[in-house]
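Step one of this worksheet: look at the structure below.
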Amino acid sequence: MKLYFTTLQRPREGSISSTRWRCDIERSYIFQKHRNQSRMSGELPLSINIKEPRWDQGTFMGRAQHFFMVTDPRNVLLSSETLEEARVTVENYRAGVVKPGLTEDELWRAKYVYDSAFHPDTGEKMFVIGRMSAQVPMNMSITGCMLTFYRTTPAVVFWQWVNQSFNAVVNYTNRSGDAPMTVNQLGAAYVSATTGAVVTALGLKSLASRLPPIVSRFVPFAAVAAANCINIPFMRQRELKYGIPVTDENGNRLGESVSAAKQAIVQVVVSRIGMAVPAMAIPPVIMNALEKRAFMKRFPILNAPVQVGLVGLCLVFATPLCCALFPQKSSMSVSGLEADLQERIRQSSPHTTTVYFNKGL
């Protein structure tokens, strides 16, 4: 400030130049005061990398912490205004604009609210029941009913159809890449996926009818595991045909790869089956024991609520932990890509040996 003042030669009092001189001094003072206040208040720096998760994604525990935030069921209850506020906060920060008084914890909270509702590739707001934060409440209701009403063929068909319809929405909503599917493609994928899943469930139920009752309880799990192997590839068949975007470590897009799509879909199938294991394998064992108790025989109406509650308890932990089996930002060697894409990468980015892609969820 002193240096600034001394470099200005004070003009004759009363002149226009004198008025301008005073204005310059006032502006300089206000600027300096604002800068000093920002330093004293600890204004949030722009160096926080919110393009990446808060925790180290190179470790399972880091990924688990990340997905516990992403799949938090409470995010489903957030209003449109809260989601929009989080979106504005995140996008402004990325553009170099910091909301006054914003703390680092508030920034990360906004980032995870944003991630829970907006697609990472397209940026569009996702359909609410397709969000990963809706997985626990939706799956606990559907899976609980599948495990409760498994004895009759109509019940098996209905609940498998409901489950696979829900899975189709989730698979489409959390697809990798930014290429849209046409209505015809989406309809064909949905019909193929749900039909395959229901037929699989009925076939397994027929086989299990000749086995002990406890085995019959695991038919829904076997059907869901098999159906995931059908549903996910069908709902993401466009990726298998045209590939998904791959980038270098700095996020620069290098092209689309079918090989990356195949790896991504396999990882998602494994994760989804893993999610189903605790929720569909543990409650049947517990319910088989509980149903022999006098109070359950006296109040059979408790069967469904207890089963749904057990499934929900398992899913609260199974969902984020199984999502964490593989990094969201997966990678593969350039040598594993298609030959033509390898050649393009060698020409455009010769030092790149590994590419990265969003595997979906």
Side-chain angles (χ1 to χ4, degrees), residues 64 66-78 115-117 126-150 155-175 190 193-194 196-198 200-201 204 217-232 234-236 265 267-287 303-326 328 360-361:
H66 167 70
F67 281 110
F68 267 108
M69 293 291 290
V70 171
T71 63
D72 188 341
R74 293 173 296 180
N75 288 339
V76 176
L77 304 176
L78 297 176
D115 285 352
S116 74
M126 296 184 286
F127 187 48
V128 64
I129 68 169
R131 300 171 191 170
M132 291 308 293
S133 53
Q135 282 285 292
V136 172
M138 291 298 297
N139 267 328
M140 68 181 285
S141 304
I142 296 172
T143 304
C145 290
M146 287 171 64
L147 293 174
T148 303
F149 308 109
Y150 66 92
V156 170
V157 171
F158 177 75
W159 286 110
Q160 282 293 331
W161 171 74
V162 170
N163 185 52
Q164 293 310 317
S165 296
F166 168 64
N167 283 343
V169 173
V170 173
N171 295 335
Y172 176 73
T173 303
N174 294 280
R175 67 197 183 280
Y190 168 72
T194 51
V198 170
T200 302
L204 290 170
R217 285 183 174 273
F218 289 94
V219 168
F221 165 67
V224 166
N228 273 322
C229 297
I230 300 169
N231 197 319
I232 295 172
F234 266 118
M235 290 306 297
R236 295 176 62 173
I265 289 172
Q267 290 177 348
V268 171
V269 168
V270 171
S271 295
R272 293 289 185 84
I273 293 175
M275 286 180 206
V277 170
M280 302 192 78
I282 297 174
V285 175
I286 297 174
M287 291 304 299
N303 192 305
V306 170
Q307 190 128 243
V308 169
L310 289 171
V311 170
L313 183 62
C314 292
L315 284 172
V316 165
F317 298 97
T319 300
L321 292 177
C322 289
C323 282
L325 290 176
F326 306 99
Q328 178 72 38
L361 287 173

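Values reported hereafter were calculated over all heavy atoms of this structure, with side chains retained and with hydrogens, waters and symmetry mates removed. Just so we're clear, the structure is a prediction, and the values are computed from it rather than from any experiment.
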Check your understanding: Say you draw a straight line from CG of Leu321 to CG of Leu315; how long is it, rounded to the nearest 0.5 Å?
Key -> 11.5 Å
Review point. Side chain of Ser271, backbone of Cys322: donor and acceptor closer than 3.5 Å?
Key: yes
**Study point:** Straight-line distance of Met69 CE to Thr71 OG1, nearest 0.5 Å
**Key:** 10.0 Å
Review point. Where the side chain of Arg131 meets the backbone of Val76, is there a donor-acceptor pair that is under 3.5 Å apart?
Key: no
Check your understanding: Going from CE on Met126 to OG on Ser133, what distance comes out if it is rounded to the nearest 0.5 angstrom?
Key -> 7.5 Å
Exercise for review: Starting from the C-alpha separation in whole Å, work towards a yes-or-no answer on side-chain contact (heavy atoms from CB on, under 4.5 Å) for Met275 and Cys323.
Suggested key: CA-CA 8 Å; Met275 286 180 206; Cys323 282; 3.3 Å; yes
Point to revise | Nearest non-hydrogen partners of Pro278 and Cys314, listed with the distance | key: O-SG, 3.6 Å
**Study point:** Straight-line distance of Met132 CE to Asp115 CG, nearest 0.5 Å
**Key:** 13.0 Å
Check your understanding: Phe127 and Val169: which non-hydrogen atoms are nearest, and at how many Å?
Key -> CD2-CG1, 3.7 Å
Practice item. Could you grab the distance from atom CD of Gln135 to atom CD1 of Ile129, nearest 0.5 Å is fine? Key: 10.0 Å
Point to revise | Intermediate values then yes/no, side-chain contact (heavy atoms from CB on, under 4.5 Å), Leu78 and Asn75 | key: CA-CA 5 Å; Leu78 297 176; Asn75 288 339; 3.7 Å; yes
Study note, to complete from the structure: Minimal heavy-atom distance between Phe326 and Gln267, with the atoms involved, is CE1-O, 3.5 Å
Point to revise | Test item: Ile282 and Val311 side chains (from C-beta on) under 4.5 Å apart, heavy atoms | key: no
